[in-house]
Amino acid sequence: MAAMFDHLLHNYEEAAAIALLSIGFCMLLFDRNLLKKVIGLDIMNSGVFLLLADRGYIAGGKAPIMAEAASEAVRYVNPIPAGLVLVGIVVSVSMSALMLALTVRVYQTYRTLDVDHLYMLMSHRRKGGRA
Amino acid sequence: MTVFRVILLIGLVGCAIATAIVRKPMQAVIIYSAFSVVLAVLWITLEAPDLAMTEAAVGAGVTGTLLYLTLRRLNLIDQDEAHREKMREEADEHGKV
Amino acid sequence: MAKSDSPFRCWLRGELDLSAQLQTAEMPAPPEGERYEPRHHPALIRMIARQSHRLYVALVAVLCAVLFTVLLLTAANLPAYGDGEAPTNNEVSERYVNQGVEETGALNAVAGMMLDYRAFNTLGESFVPFAALCAVTVLMTRGRRKHPLPPEADYADYYADPIVHTMCKVIIPVILVFGTYVLVNGHLSPGGGFSGGAILSSALIIYAMVWGDQRAHGAIREKTVRRTMALAMGFYVVSKTCSFYMGANGMPNPISAGVPGRIFSAGLILPLNVAVGLAVCCTMYSFYMFFRRGAL
Amino acid sequence: MSVVQNFPMFSIVLGLLCAIACFAAPRAWGRRITLALLLLSGVMQGCVLWYCYVNQASYRYQLGHYPAPWGSELTAGLLEPGMGLLFSVVMLLSVIGGGRHVGHDVADGKQHLYWVAVDLTLAALLAMCYTDDIFTAYVFIEICTIAACALLAVREGGRNLIASVRYMVFALIGSSLFLIGVVFTYAVTGQLLFPQLRQAVAALWEAGTYRFAMTVAIALMTAGLAVKSGCFPFHGWLPDAHSQATTASSCILSGVIVKGYAVLLIKIICRGLGAQVFMATGAQNVLLLLGLGGMVWCSIDAIFAKRLKVMIAFSSAAQIGYIFMGIGMGTAAGLTAAVLQMVSHAITKPMLFLAGSQLSDASHGRMDFPSLRGAGHRNVPAGILFTVGALSMVGVPLLAGFVPKLYFAREAFALGWQRWPVLLGLAASTVLNVLYFLYTAVLIWLPQEADCRFKPVKPHWDEYLPGFIFAGLNVAMGIHPGPLAALIDRAVALLGR
């Protein structure tokens with residue numbers, strides 16, 4: 001257990017990434033405000049990206065931009081995670097734009113952003129007759 | 001370097017928690033933009049300048065703008081829980097009609 | 001049999017005379033979509049149904065806690081942070097770093113990897129904003145009746161502000177130049193299509209903010225935006241298809257990698273970066289316009 | 001290299017190109033472009049299937065100039081083009097059958113975007129079938145999610161928006177879980193392409209290092225895909241989403257998209273992780289239990305549904321339970337049965353949705369059961385089609401729905417402790433199916449009241465063509481399942497190689 005904790009301390013970046021991920025996940029699941037849900041989604045994705053980018057980092061490495069006269073001694077970090085995270089960031093911003101558009105529509109239609117309230121409103125309407 | 005990175009990480013987690021607990025949506029949006037900027041700096045310490053540029057432009061810039069515009073569109077710029085209660089009642093009326 | 005019984009219960013009891021049941025029981029037409037509170041449930045089930053939401057939330061919370069503990073444990077179990085000998089630093093990344101410059105001609109290994117080695121992945125990625133734009137358009141132009149927007153006076157009139165107006169006149173060209181620089185130097189320095197496109201779009205967004213969206217709408221026509229996007233994406237898809245086809249059928253690459261470090265080098269990477277940048281710029285600007293005025 | 005071998009890449013790229021064309025071309029062209037694309041894609045998948053069948057081998061297609069661990073690859077065996085063919089054909093028929101509803105439900109200014117979404121869905125599904133790269137799979141999952149959201153949200157009114165929000169929240173959770181799984185897998189193996197990944201995972205498992213991380217990664221990827229395809233405890237979004245969309249979208253969402261994720265899961269298990277390692281984690285037992293739970297629970301929900309489309313959607317959730325049960329059996333024959341179930345569901349469910357919406361059109365667009373009473377008399381062809389579909393879902397012999405149930409039951413006897421749960425689950429689910437589907441099938445043929453306010457509709461026979469093709473496929477598969485089962489057997493065997 002102590003060894004595990006030591007390892008976790010050494011992998012502190014990963015631990016922080018998991019913390020971000022948890023906060024975002026909880027916001028996405030439990031926050032009732034639709035807008036905060038979207039922000040939570042972004043934070044959760046950032047956590048995943050941080051986790052992925054940490055995997056590419058090499059202590060003492062340099063960014064993988066080859067200088068024209070590169071010496072042999074230079075060690076470059078792994079470019080793969082950076083590329084994958086770049087893909088992920090683009091996906092994430094597209095998703096949040098889509099979610100925000102949904103948010104705007106929901107608010108314009110039902111005048112509320114509260115998800116629980118939204119469901120209540122719907123069941124209320126259903127009891128009242130045809131929507 | 002490690003100390004710097006730890007400070008950034010603490011700032012990042014702090015921003016995330018703050019986003020989760022603030023009441024006004026506008027505050028959450030502003031803190032989220034700050035979160036993105038901190039993340040961009042963190043990408044540089046991780047030797048990923050491509051990511052830093054993209055995060056600064058896309059995460060802090062475009063996503064922040066879109067969030068702000070959403071608030072603007074919904075007229076929620078400076079409103080908090082009390083106002084939302086009022087809106088909720090209004091919505092109930094709206095639902096009954 | 002009771003009149004209020006549902007036909008389903010009759011089935012359960014084996015009363016096959018369904019037609020009689022349905023003819024006598026002129027059931028009140030249940031309103032659309034009603035199913036959450038079935039009326040004929042026993043009391044126990046009804047109580048469970050009422051409590052089920054709270055139970056569900058509690059259950060999900062417990063599941064989340066378990067999930068995060070497991071994830072933390074996994075993070076502790078992963079290879080050490082910053083370790084040069086980790087499994088991720090294998091022959092794949094070594095080739096990207098060591099032979100990337102000769103093979104792709106790009107000094108930026110990330111650009112070389114994304115647009116040449118793993119180009120199919122990036123092809124898919126560049127369609128994500130496109131798909132999102134279509135979905136946002138579908139959502140924001142919803143309804144035949146236009147939703148009233150906040151009146152123009154509600155927005156701050158930046159155009160009348162001498163400081164903002166003058167500064168933007170200076171800043172916008174600078175941003176445009178910087179965005180173009182990032183775009184066309186994607187294979188030599190950090191940046192590339194996505195960040196360059198986002199920077200370019202920020203200049204357009206500032207223009208639309210300060211000069212007002214009516215004016216921006218006049219200056220940057222909807223048709224222009226759509227055509228630019230379609231052309232850029234079409235060019236991307238077609239050129240990459242040719243490259244995939246040649247690669248798979250053993251034909252040599254007709255475009256040489258050029259001299260690494262020159263601006264016109266790295267084969268297809270430069271034109272692809274420009275195409276992606278234009279498409280991303282149009283997408284982000286369209287997002288802004290849709291959120292701002294509900295139309296492009 | 002034969003020209004045919006290029007077809008998988010061509011069909012994916014063509015889907016993307018057609019999406020752009022529909023976006024930029026004059027609005028009236030969208031439908032034609034999409035129909036042509038679906039037809040062409042079907043032909044291409046057929047050619048690839050034939051090619052692989054004749055050669056009895058799968059092949060790997062290198063995308064670009066760099067070989068496997070560095071560049072990307074596609075694989076085509078028998079399963080991939082087979083499922084691609086199925087998806088193309090089902091989408092084509094759904095789009096033809098639901099075309100009038102699309103014209104009615106979708107505002108004129110947005111119709112071309114609807115067709116863009118259909119094209120993107122097809123491209124993403126094909127890419128998910130063919131791809132040999134786990135991260136590419138993630139990207140195309142996201143495209144599929146966005147396109148599906150557009151398909152769902154394009155209709156106006158009702159609970160549609162709320163259904164879209166729920167769908168998106170679940171879908172985002174699913175893809176995030178999948179992505180975390182991919183990250184962990186990459187962290188401990190350093191590979192992204194399936195063949196290399198499988199070797200690396202096998203070596204790791206042999207050596208015993210990072211076993212915990214690998215197990216968590218496998219669990220997360222499986223859970224992510226299960227959420228996306230609406231497996232039992234995560235099926236909350238499914239009934240709303242599938243029942244609120246316009247008819248063609250409902251057909252595509254429940255007939256095709258859900259299966260795309262299941263195919264991807266099968267590919268990841270067999271090609272990316274290796275079936276042995278997957279079994280060693282015990283994840284298959286969880287899948288089996290979830291599948292069984294879904295089969296029973298969602299059927300009960302379907303019984304209490306008050307509207308026809310909601311009932312059909314709940315039945316979809318139950319049928320997905322069968323697929324996951326088949327994957328969870330952990331044997332090649334179980335997998336065969338799961339694929340058979342996908343085929344039978346894909347050719348039955350769209351037929352039910354099409355016929356159901358036509359029946360409701362004959363009842364002034366009402367979906368509640370009392371209004372639908374006697375609807376079969378008002379619209380005879382739709383009534384016939386609905387009855388055929390309902391009987392197939394129940395599992396009446398000589399129809400498609402019977403075949404997978406037979407294979408599941410046969411395979412169950414070869415299992416260990418899973419035997420009785422599987423058999424009991426099958427029996428319970430079939431009985432429940434009888435309750436709601438047979439009930440509805442009888443209901444629509446009851447004599448109408450004398451003062452019925454709904455008038456019979458004059459059937460336009462061309463609208464029923466897709467339905468009758470579906471019915472024909474159904475009967476063909478039910479009468480003569482042997483060749484299909486043999487083909488799928490071979491496909492599953494090729495997959496692991």
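Protein chains get the first letters and strands the later ones, always in sequence-line order, with residue 1 at the start of each. Since the model is a prediction, treat every value here as computed from it, not as a measurement.
Ranked by heavy-atom pairs under 4.5 Å with chain B, the list A:Ile39, A:Ile65, A:Thr103, A:Ile89 is led by A:Ile39. With respect to chain B, the highest number of heavy-atom pairs below 4.5 Å among A:Ser46, A:Gly47, A:Ala17, A:Ala19 belongs to A:Ser46. With chain A as partner, the option from B:Leu51, B:Val6, B:Leu66 having the largest number of non-hydrogen pairs under 4.5 angstrom is B:Leu51. Listed options B:Leu39, B:Val29, B:Leu67 were ranked by heavy-atom pairs under 4.5 angstrom with chain A; first place goes to B:Leu67.
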* Please lay out, stage by stage, how A:Tyr107 and B:Arg73 fare under the test side chain to side chain contact (heavy atoms under 4.5 Å, CB included). => CA-CA 10 Å; A:Tyr107 190 83; B:Arg73 203 92 207 250; over 6 Å; no

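Contact annotation for A:Ile58: neither backbone nor side-chain heavy atoms come within less than 4.5 Å of a heavy atom of chain B. Both the backbone and the side chain of B:Thr2 come within contact range of chain A, with heavy atoms under 4.5 Å apart.
Residues meeting the side-chain hydrogen bond (donor to acceptor under 3.5 Å, both in side chains) test with A:Ser96, sequence neighbours left out: A:Asp42.
Annotation: the span from B:Phe35 atom CZ to A:Leu20 atom CG amounts to 5.0 Å, rounded to 0.5 Å. Distance check, rounded to the nearest 0.5 Å: CD1 of B:Ile21 to CE of A:Met27 gives 10.5 Å. Interatomic distance, CG of A:Asn33 versus CZ of B:Arg23, reported as 12.0 Å (0.5 Å rounding).
Residue A:Tyr57 comes nearest to B:Thr45 through the heavy atom pair CE1-O, 3.9 Å, listed as atom of the first residue, atom of the second, then distance. Of all heavy-atom pairs spanning B:Ala20 and A:Lys36, the tightest one is O-NZ, 3.5 Å. Nearest approach of A:Ala63 to B:Glu47, heavy atoms of both residues: N-OE1, 3.0 Å.
Of all residues spanning residues 77-86 of chain A, those with a heavy atom less than 4.5 Å away from chain B's heavy atoms are A:Val77, A:Ala82, A:Val85, A:Leu86, arranged by number.
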Exercise answer: donor-acceptor pairs, residues 53-65 of chain B side-chain atoms, under 3.5 Å, sequence neighbours excluded:
| from | atom 1 | to | atom 2 | distance (Å) |
| --- | --- | --- | --- | --- |
| B:Thr54 | OG1 | B:Asp50 | O | 2.8 |
| B:Thr63 | OG1 | B:Val58 | O | 3.1 |
| B:Thr65 | OG1 | B:Gly61 | O | 2.5 |

Identify each donor-acceptor pair in which a side-chain atom of residues 7-19 of chain B lies under 3.5 Å from a protein atom, sequence neighbours left out, and give them as a table.
| from | atom 1 | to | atom 2 | distance (Å) |
| --- | --- | --- | --- | --- |
| B:Thr19 | OG1 | B:Cys15 | O | 2.5 |

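Considering only heavy atoms from C-beta on, A:Leu50 comes within 4.5 Å of B:Leu46 through its side chain.
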